[in-house]
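Quantities reported herein were computed from a predicted structural model and do not represent experimental measurements. All ligand and atom numbering here is 1-based and tracks the order in the structure.
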Amino acid sequence: MVDRAHTPTPPAPTASEEVLSPSESVLLSVRESASRLAMDAEVVGLLSTSWREIRAQLPVRMDDKKLRIFEGYRVQHNGARGPYKGGIRFHPAADLDEVRALAMLMTYKSALMELPFGGAKGGVMCDPSRMSENELNRLTRTYTQHIHMVLGLQRDIPAPDMGTNAQTMAWMMDAYGQMHGHTPGIVTGKPVELGGSFGREQATGRGVAACMGEYARIEGIDPRDIRVAVQGYGNVGSWTCRLAAELGFRIVAISDVKGGIANPDGIDIGALDRWFAIAKSVAGFPGAQPITNEQLLEIPCDYLVPAALGEVVTIDNAERISARVVVEAANHPVTPAADAILARRGVMVLPDILVNAGGVTVSYFEWTQNIQQFRWPLERVNEELEARIVAAFNQLMARAAKDGTRPRQAAFDIALERVGQAIKLRGFV
Ligand code: GLU
């Protein structure tokens, strides 16, 4: 654990550097926002580091009987507004700094959506696609044993993120329950059979599609005339495609780790899902032409939706993005320097802390349902999610119009104000 009193405040990064670490990139937006808001320097100092960071050694006996030692993290960034909340990422690039950056984003995401949570994130540096079900089960339990003391229904509530899913949450819930007694609300994004919420799996994609629909409405353009390219066909990307297609959007390109596909007339998502069930990739889908992941980002389209890894739109490709709107379904897919280029080119960026907040919003619904030992029907979950995300979207757009800022700036301004107020009211500074 890091003793905050002895952690130096990192130097303020500048937009001209493309070499910022993920947490420095997020801090850049935070510091810009803090200076627009003339925020108290002590509050900014507090928000510049994590409240607590755990780095744990996770020894796991693999199927070949060899012991492998993984590294796992739980970062709690700020809890002024409520219990820490945020997903667990299993990915080879999930190092401490990336998890720290994602924890910061959760603080602002929850604040922007007015959810009574602080921000946290967890991660294990591993490649789940190369691990068996049994190995993943053992790893998840070992990870839970190493962080259980900082979790709690009113302390810190994990959820799925990249590389984890409802099954991972079921293992976490079970491992936590063995130490503390049955506590379903300790994680969200659980299987419905174990107290998960209806609609949680689709929730992030539903929020993304709702933001796209709302922006199309503001633009006054029929979704049928909007060509969409989506990077990623995991949970977020695939549900975004299905739900955006339902709203009428024309999905012209999709990619995943194994490659991409394009069809200017629109991809039949139902047919693609049938292909994906067998091929385990969008690549090779007969109803489209093959493209690479790099080509997808630059393909002629109206809305570009990065829905996979962070930092995919950089100074190297920002000049060649042909979309007029970038919808940040992934966390932090556009670097600060790329963001400045897109702004200069008049490309609208709809920010991650709004666009992908559907997941944590339904996690909040799941947590409240668990506390009340009550279940909402799917219709109620979807209605409340859409109402909240559309309201936050319009609040953000109104703030941007009033202040003459871009949506990302307005999102951070609203969120930072709320977090700052909570810090002051509690008397932290
Ligand atoms: N991992 C998701 C996110 O980045 C969801 C977090 C949650 O539900 O707590 O927003």
Under 4.0 angstrom from ligand 1, any heavy atom of M106?
-> yes

Exercise. Consider only side-chain N and O atoms of Q231 and N293, and report whether a donor and an acceptor are under 3.5 Å apart.
Key: yes

In this structure, atom 3 (C) of ligand 1 is nearest to the protein heavy atom K109 NZ, 3.4 Å

Next on the checklist: If only side-chain N and O atoms count, and only distance matters, is there a donor-acceptor pair under 3.5 Å linking N137 with R141?
Outcome noted: yes

The protein heavy atom nearest to atom 8 (O) of ligand 1 is S363 OG, 2.5 Å

**Prompt:** Would the number of heavy atoms belonging to other residues, nucleotides or ligands and lying under 6.0 Å from CZ of R36 be above 12?
**Reply:** yes

- Item | 4.0 Å heavy-atom contact, G86 with ligand 1 | yes

Closest heavy-atom approach to atom 5 (C) of ligand 1 among E366, K121, M169, R200 is made by R200

Any heavy atom of L105 under 4.0 Å from ligand 1? The part involved is neither

Here the pair of heavy atoms bringing I157 nearest to K85 is O-NZ, 2.8 Å

- Can you list the steps and then say if R408 with E32 is a salt bridge (charged side-chain N to carboxylate O under 4.0 Å, His left out)? CA-CA 11 Å; R408 183 196 307 286; E32 273 175 18; over 6 Å; no

When distances are taken from atom 9 (O) of ligand 1, the protein heavy atom at minimum range is K85 NZ, 2.8 Å

Ligand 1 to G359, heavy atom cutoff 4.0 Å, flagged ligand atoms 8 (O)

Determine whether more than 12 heavy atoms belonging to other residues, nucleotides or ligands lie under 6.0 Å from atom CZ of R426. yes

The single option from V124, T168, V60 that satisfies side chain to side chain contact (heavy atoms under 4.5 Å, CB included) with Y143 is V124

Polar contacts were defined as any N/O atom of the residue lying under 3.5 Å from an N/O atom of the ligand; does this apply to P160 and ligand 1? yes

Ligand 1 atoms nearer than 4.0 angstrom to some heavy atom of N331 are 4 (O)

Distance col, row M125:CE vs Y73:OH, nearest 0.5 angstrom, shows 3.5 Å

among protein heavy atoms, the one nearest atom 7 (C) of ligand 1 is A159 CB, 3.3 Å

Closest to atom 2 (C) of ligand 1 by heavy-atom distance, out of I88, L115, D161, is D161

